[in-house]
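For reference, the structure discussed in these notes is given below.
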Amino acid sequence: MAAMRAAVAAPRGLRRLFSTTPASSFIPPPPSTAAPVREKAEPSTNLFVSGLSKRTTTERLREAFSQFGEVVNARVVTDRVSGYSKGFGFVRYATIEEAGKGIEGMDGKFLDGWVIFAEYARPRPPPGQPGQPMSPPYGQQ
DNA sequence: GGTGAGCGT
């Protein structure tokens, strides 16, 4: 009789060996389209250029892409403190048409000894909308 | 000092 009580009170430590998650012995399969896959952004006048040489500057980037259209804005992303290029940049054409030609003409090409990759840049969050002043309590006096 | 995938001062 006392053995029954012992069989109920003792096996607590043993239950952990038998009670492994029953319904999830494996990793839950990702529902797809949830992986860190970087899809290409939709066409726009803004281009993302990667694979740049560390010595490639904004001017050279503009020169290279100006062959295929009017470059309205070009910028090589550089570190603010060190001032060195991060190896990628952005190029903005006047029209989407030129942007497409810029990609077709510069993607996979060489620039300063490095193969660069040109693609449409992702949409960026808007800078600052009217209603967000930099100074908080500056209205009442 | 300048690496080597990436999405901006």
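Chain identifiers are assigned alphabetically (A, B, ...) following the order of the sequence lines, protein sequences preceding nucleic acid strands; residue numbering begins at 1 within each chain.
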Separation of B:dC7 P from A:Glu42 CD (nearest whole Å): 17 Å

Between A:Tyr93 and A:Phe65, is there a donor-acceptor pair closer than 3.5 Å when you use the side chain of the first and the backbone of the second? yes

Tell me: CZ of A:Phe88 to P of B:dG4, nearest whole Å? 16 Å

A:Ser82 vs A:Ala41, nearer the 5' end of DNA chain B by closest nucleotide: A:Ser82

Output the single nucleotide from B:dA5, B:dT9, B:dC7 whose closest atom is nearest the side chain of A:Arg75. B:dT9

In whole Å, what is the span from the CG atom of A:Asn46 to the P atom of B:dG6? 19 Å

A quick test of your reading: do over 12 heavy atoms of other residues, nucleotides or ligands sit less than 6.0 Å from CD of A:Glu104? no

Any chance you could measure A:Thr78, atom OG1, to A:Phe88, atom CZ, to the nearest 0.5 Å? 9.5 Å

Would you mind reading off the distance between A:Arg92 atom CZ and B:dT9 atom P, rounded to a whole angstrom? 15 Å

Going by modelled atom types, is there a donor-acceptor pair between the base of B:dG2 and the side chain of A:Asp79 at under 3.5 Å? no

What distance separates A:Phe48 CZ from A:Tyr120 OH, expressed to the nearest 0.5 Å? 15.5 Å

Does A:Arg55 offer a backbone N or O that forms a donor-acceptor pair with the side chain of A:Ser85 under 3.5 Å? no

ring centroid sep under 5.5 Å plus plane angle under 30, A:Phe90 with B:dG8: yes

Between atom CD1 in A:Ile116 and atom C1' in B:dC7, what is the gap in whole Å? 16 Å

How do A:Val77 and A:Ser53 order along DNA chain B: which one's closest nucleotide is nearer the 5' end? A:Ser53

CZ of A:Phe117 versus C1' of B:dG6: gap in Å, rounded? 12 Å

Round to the nearest Å and state the distance from A:Trp114 atom CH2 to B:dG2 atom C1'. 10 Å

Would you indicate what A:Leu52 reaches in the nucleic acid, counting non-hydrogen atoms under 4.0 angstrom: base, sugar-phosphate, or nothing? base

Output the rounded distance in Å from CG (A:Asp112) to P (B:dG4). 18 Å

Distance check: side-chain N/O of A:Lys86 vs OP1/OP2 of B:dT9, anything under 4.0 Å? yes

Answer with base, sugar-phosphate or nothing: what part of the nucleic acid does A:Thr78 contact at a heavy-atom distance below 4.0 Å? sugar-phosphate

When all nucleic acid strands are considered with a 4.0 Å heavy-atom cut-off, which category describes A:Thr58: base, sugar-phosphate, or nothing? nothing

Under 4.0 angstrom, heavy atoms only, what part of the nucleic acid is A:Arg80 near: base, sugar-phosphate, or nothing? sugar-phosphate

